[in-house]
Engineer: 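This is the structure I have questions about; it appears just below.
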Amino acid sequence: MDNTAVSAMFDEFADWLEIDDENPFRVRAYRRAAQVVRDLPEDVAQVAAEGRLTHLEGIGKDLAGKIVEFLQTGKVAALEELRSKYPPTLRDLLQVPDVGPKTVALLYKRLNVSSLDELEEAAQAGKLAALPRMGKKTQENILRGIQLLKQSAGRVPLEVAWHIAESIVAELKPLPSVEQIIPAGSLRRWRETIGDIDILATTTGASAEVMDRFVHLPGVTEVLAHGETKSSVIVVVDARRKYSVQVDLRVVPPGSFGAALQYFTGSKDHNITLRARALKQGLTINEYGVFEEKTGKQVAGATEEEVYAALGLPLIPPELRENRGEVEAAAEGRLPDLIDLAAMRGDLHAHTTYSDGHNTIAEMADAARARGYEYLAITDHSKPLAWGMDEKTLRKQIKEIRQLNEKYHGFRILTGCEVDILSDGRLGMDAAVLQQLDIVIASVHSNFKQSREEMTRRIIRAMETGLVDIIAHPTGRLVGQREGYDVDVPALIEAAKRCGVALEINAHPDRLDLNDLNARAAKNAGVLLTINTDAHAPSNLDLLRFGVHTARRAWVEKKDVLNTMPLDGLLKWRQQRRGL
DNA sequence: GCCGTTTTCGGCCCGACTGTTTTCAGTCG
């Protein structure tokens with residue numbers, strides 16, 4: 001809990017230092033500290049209490065002191081001093097693509113721009129183009145960036161929303177009056193961003209206790225409503241960015257729990273289709289139950305299964321409830337047997353200190369074993385990325401992995417590489433060394449502004465080398481932050497099918513790439529998928545669930561996913577794929 | 001600001017790309 005807050009404090013510190021034109025290496029020290037604390041597998045307060053802070057990588061005497069100060073007082077004097085130099089909203093400008101700290105400082109000094117709205121105004125008035133080293137194109141890019149931000153404004157990323165919802169449920173569940181409590185809404189459907197969080201509960205007797213507790217939870221900054229059956233609050237969290245989100249808690253009678261859960265899970269369009277179906281059968285549905293239209297007699301309501309069954313349907317998994325054909329499929333008995341987390345046998349995309357990961361191969365492998373995996377592919381970056389490996393380093397890594405594997409039973413580290421796809425579609429690593437690997441992932445990390453044709457050709461060429469098993473994060477998008485590069489996804493899917501290449505659903509909640517719709521198209525085309533975390537630290541392996549639920553939104557079944565295969569099946573697939 | 005040591009300060013992943021400029025600053029990964 002404290003880890004997130006401390007990490008956010010350091011990130012904010014780093015932002016202000018950068019805007020203040022501080023020594024970049026000092027800034028990096030703060031960023032690194034933020035990262036280290038964020039990925040810490042134990043409570044930072046515990047580490048502080050035991051005087052072990054300076055044992056952490058990148059935490060020295062000074063930063064340890066700031067952590068202690070923050071834990072004890074909730075503030076850091078040096079940060080307060082920096083904050084006082086600028087308007088608080090100035091920092092928001094950093095969220096705009098192509099706007100970095102130098103530009104923020106320039107905008108503030110020269111135009112007195114200190115908020116997103118003022119930036120948009122200044123850009124529309126053509127004032128940016130007049131600044132040094134700025135021009136019309138930059139001005140247009142900034143305007144587009146602001147539009148993108150506004151589209152995602154008011155919505156929080158899935159991971160942040162789950163974090164909030166789970167901590168609220170954990171606080172309320174132990175109360176003696178609480179019977180059942182579960183998040184509903186788009187969160188339960190695992191949409192990639194969440195507007196507001198709906199939590200549903202049943203109580204034994206009065207609901208006052210749970211409602212009281214709810215409106216006084218830590219993080220609640222505003223109480224919008226405080227009633228017996230419904231309360232609404234605003235919760236503010238500061239992760240890497242600051243988010244505020246509305247959380248509604250509803251209490252319903254046990255006999256209506258299923259109907260309410262169904263109703264508040266949505267989607268709205270799914271519910272409309274369902275209600276239309278009910279009417280044809282002489283039934284009506286609302287949040288209290290399913291009723292006979294003529295007599296008003298309740299025929300279902302306590303469980304969701306009951307509600308769907310009353311309409312002659314099997315339970316439709318929440319992830320499918322987007323009115324994308326799921327009601328018809330359910331009626332015809334052809335709902336997919338969706339993949340789940342338990343079906344996953346390993347992770348095929350992970351980084352170590354050989355490139356930009358934070359941990360050793362052994363540490364990552366141990367984390368994978370602790371999660372019951374059969375295998376973990378180590379896929380560090382290749383040159384020409386600054387932190388990428390060259391052939392010599394990769395050979396060294398292969399050797400280290402082979403040595404490590406000697407001591408494992410029932411688990412294997414797979415050798416691999418996330419090889420960079422160069423602008424022309426060639427790969428950033430020699431074929432000879434790639435052919436030695438268990439798994440070759442290829443992906444784009446540069447020159448994002450190529451034309452659609454160039455980018456599409458670039459990635460297809462990489463597939464056509466025959467050296468690539470998986471295309472990682474195929475569209476390059478970052479949820480709510482960056483549109484993907486312009487690429488013809490259907491053409492990629494066609495090429496993946498032709499070349500026998502698997503496409504990744506990158507499970508990182510910032511990526512979720514392929515997204516649900518693209519992944520469904522890939523599945524329908526018969527392309528094999530793989531769900532990977534792209535982990536840069538052991539704790540990142542737990543992000544897999546976000547990928548699995550995205551796959552479920554894409555109607556994906558176990559058989560569609562490469563890393564549900566046991567190790568020998570996986571290796572056999574790879575051999576066949578490479579024509580060996 | 002941290003780290004490692006050649007113990008007291010110098011180095012810290014750095015290259016590609018864009019949009020500006022006419023040689024390069026800023027951003028990104």
Side-chain angles (χ1 to χ4, degrees), chain A residues 9-11 13-37 53-67 69 76 78-79 82 93-107 123 128-145 351-358 380-390 393 418-424 426 428 443-451 454-455 458 472-473 476-478 481-485 506 508 510-511 513 534 536:
Chain A
M9 179 273 289
F10 279 138
D11 261 328
F13 217 129
D15 284 348
W16 290 125
L17 288 172
E18 270 194 301
I19 291 169
D20 216 36
D21 201 23
E22 253 287 355
N23 172 4
F25 297 109
R26 189 175 170 219
V27 174
R28 189 182 299 166
Y30 280 81
R31 296 256 182 246
R32 192 155 166 236
Q35 181 84 55
V36 166
V37 174
L53 283 175
T54 53
H55 299 186
L56 299 176
E57 192 70 24
I59 309 281
K61 217 172 143 191
D62 182 278
L63 294 182
K66 289 191 166 77
I67 293 175
E69 183 185 355
V76 177
L79 175 58
L82 265 174
L93 304 190
L94 290 173
Q95 291 168 28
V96 181
D98 296 338
V99 175
K102 296 281 190 283
T103 311
V104 170
L106 183 73
L107 289 165
L128 302 192
L131 292 172
R133 292 211 147 264
M134 294 252 215
K136 275 223 167 97
K137 277 199 177 170
T138 308
Q139 187 164 272
E140 282 165 24
N141 283 342
I142 288 177
L143 268 177
R144 266 220 315 277
H351 297 270
T352 72
T353 48
Y354 272 85
S355 63
D356 59 349
H358 308 307
D380 277 304
H381 290 286
S382 79
K383 62 187 170 64
L385 289 181
W387 53 88
M389 302 179 291
D390 58 15
T393 312
E418 182 179 7
V419 61
D420 199 45
I421 304 177
L422 309 181
S423 292
D424 59 4
R426 285 179 302 129
S443 57
V444 167
H445 296 97
S446 64
N447 208 355
F448 281 28
K449 288 181 181 165
Q450 277 180 326
S451 72
E454 282 175 317
M455 185 59 85
R458 174 182 181 181
H473 40 78
R477 67 94 172 245
L478 293 179
Q481 299 168 56
R482 180 180 78 197
E483 288 179 55
Y485 33 75
N506 191 293
H508 197 291
D510 285 346
R511 289 195 181 271
D513 178 14
D534 205 346
H536 286 66

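So that the names make sense, note that chain A is the first sequence line, chain B the second, and so on, each numbered from 1. These values consider heavy atoms only, across backbone and side chains, with no hydrogens, waters or symmetry-generated copies. Model, not experiment: these values are computed from the prediction.
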Engineer: Hunt down the Watson-Crick or G-U wobble partner of B:dG15, both distances under 3.5 Å, from any strand shown, or write none.
Structural biologist: B:dC28
Engineer: Using the P atoms only, state how far B:dG19 lies from B:dG10, rounded to an integer number of Å.
Structural biologist: 39 Å
Engineer: Looking only at side-chain N and O atoms, does A:N447 come under 4.0 Å of OP1 or OP2 in B:dA16?
Structural biologist: no
Engineer: Any idea which heavy atoms bring A:G428 and A:V419 closest together, and the distance?
Structural biologist: N-CG2, 3.5 Å
Engineer: Mind checking the C1' distance from B:dT22 to B:dT18? Whole angstroms is fine.
Structural biologist: 16 Å
Engineer: Can you tell me, in whole Å, how much space there is between the P of B:dA16 and that of B:dT21?
Structural biologist: 24 Å
Engineer: Contact class for A:V27 vs. all strands (heavy atom < 4.0 Å): base, sugar-phosphate, or nothing?
Structural biologist: nothing
Engineer: Nearest heavy atom decides the nucleotide; on that basis, is A:P97 or A:G135 closer to the 5' end of DNA chain B?
Structural biologist: A:G135
Engineer: B:dC17 and B:dC12: how far apart are their P atoms, nearest whole angstrom?
Structural biologist: 24 Å
Engineer: Looking at the base of B:dG26, is there any donor atom on it, or on the side chain of A:D98, that sits under 3.5 Å from an acceptor on the other one?
Structural biologist: no
Engineer: Just verifying a value: how many Å separate A:I142 CD1 and A:T103 OG1, rounded to the nearest 0.5 Å?
Structural biologist: 6.5 Å
Engineer: B:dT18, OP1 or OP2 - any side-chain N/O from A:S446 closer than 4.0 Å?
Structural biologist: no
Engineer: Compare the minimum distances between each of B:dG19, B:dT27, B:dC12 and the side chain of A:K137, then state the nucleotide with the smallest one.
Structural biologist: B:dG19
Engineer: What's A:L385 touching, base or sugar-phosphate or nothing? Going by heavy atoms closer than 4.0 Å.
Structural biologist: nothing
Engineer: Output the distance between atom CG (A:L93) and atom CD1 (A:I19), rounded to the nearest 0.5 Å.
Structural biologist: 7.5 Å
Engineer: According to a strict under-4.0 Å criterion, is A:N23 in side-chain N/O contact with OP1 or OP2 of B:dC12?
Structural biologist: no
Engineer: What interatomic distance, in whole Å, is found between P of B:dC13 and the corresponding atom of B:dG4?
Structural biologist: 13 Å
Engineer: Could you state the atom-to-atom distance from CG of A:L53 to P of B:dG1 in whole Å?
Structural biologist: 16 Å
Engineer: Give the rounded distance in Å between these two atoms: NZ of A:K449 and P of B:dT18.
Structural biologist: 8 Å
Engineer: What contact category does A:P132 fall into here, base, sugar-phosphate, or nothing, at under 4.0 angstrom with non-hydrogen atoms?
Structural biologist: nothing
Engineer: Measuring from the side chain of A:T138 (C-beta onward, heavy atoms only), which nucleotide among B:dC12, B:dC2, B:dG19 has the closest atom?
Structural biologist: B:dG19
Engineer: Check the distance between B:dT27's P and A:L131's CG and give it to me in whole angstrom.
Structural biologist: 13 Å
Engineer: Send over the distance from A:F13 CZ to B:dG1 P, rounded to a whole Å.
Structural biologist: 8 Å
Engineer: Looking at B:dC17, B:dG19, B:dC2, which one has an atom nearest to any side-chain atom of A:S423?
Structural biologist: B:dC17
Engineer: Given B:dT27, is OP1 or OP2 found less than 4.0 Å from the side-chain N or O atoms of A:T103?
Structural biologist: yes
Engineer: What's A:K61 touching, base or sugar-phosphate or nothing? Going by heavy atoms closer than 4.0 Å.
Structural biologist: sugar-phosphate
Engineer: If the test is side-chain contact (heavy atoms from CB on, under 4.5 Å), which one of A:V27, A:L94, A:L17 qualifies with A:P101?
Structural biologist: A:L94
Engineer: Let me know the distance between CZ of A:R32 and P of B:dC2, rounded to the nearest Å.
Structural biologist: 10 Å
Engineer: Rounded to whole Å, please give me the gap between CD in A:E454 and P in B:dT18.
Structural biologist: 10 Å
Engineer: Rounded to the nearest 0.5 Å, what separation is found between the CD1 atom of A:I59 and the NZ atom of A:K66?
Structural biologist: 11.0 Å
Engineer: Of the candidate nucleotides B:dG1, B:dT27, B:dT18, which contains the atom at the shortest distance from the side chain of A:R26?
Structural biologist: B:dG1
Engineer: Side chain of A:R28 only, heavy atoms from C-beta on: which candidate in B:dC2, B:dC17, B:dC13 is closest?
Structural biologist: B:dC13
Engineer: Give the rounded distance in Å between these two atoms: CE of A:M134 and P of B:dG19.
Structural biologist: 13 Å
Engineer: Look at the aromatic rings of A:H351 and A:H536 and report parallel, tilted or perpendicular, splitting at 30° and 60°.
Structural biologist: parallel
Engineer: Please report the distance separating the P of B:dT20 from the corresponding atom of B:dA25, rounded so that it comes out in whole Å.
Structural biologist: 16 Å
Engineer: I want to verify a distance call: between B:dA25, B:dT27, B:dG1, whose nearest atom is closest to the A:R133 side chain?
Structural biologist: B:dA25
Engineer: Please state how far atom CG in A:D20 lies from atom P in B:dG1, giving the value in whole angstrom units.
Structural biologist: 12 Å
Engineer: Pair A:H445, A:H381 - check ring-ring contact (aromatic ring centres under 6.0 Å, His included), show working.
Structural biologist: CA-CA 10 Å; A:H445 296 97; A:H381 290 286; 4.9 Å; yes
Engineer: Give A:P101 one of three labels, base, sugar-phosphate or nothing, depending on what nucleic acid heavy atoms sit under 4.0 Å from its own.
Structural biologist: sugar-phosphate
Engineer: Please compare A:L94 and A:L56 by the position of their nearest nucleotide in DNA chain B and report the one closer to 5'.
Structural biologist: A:L56
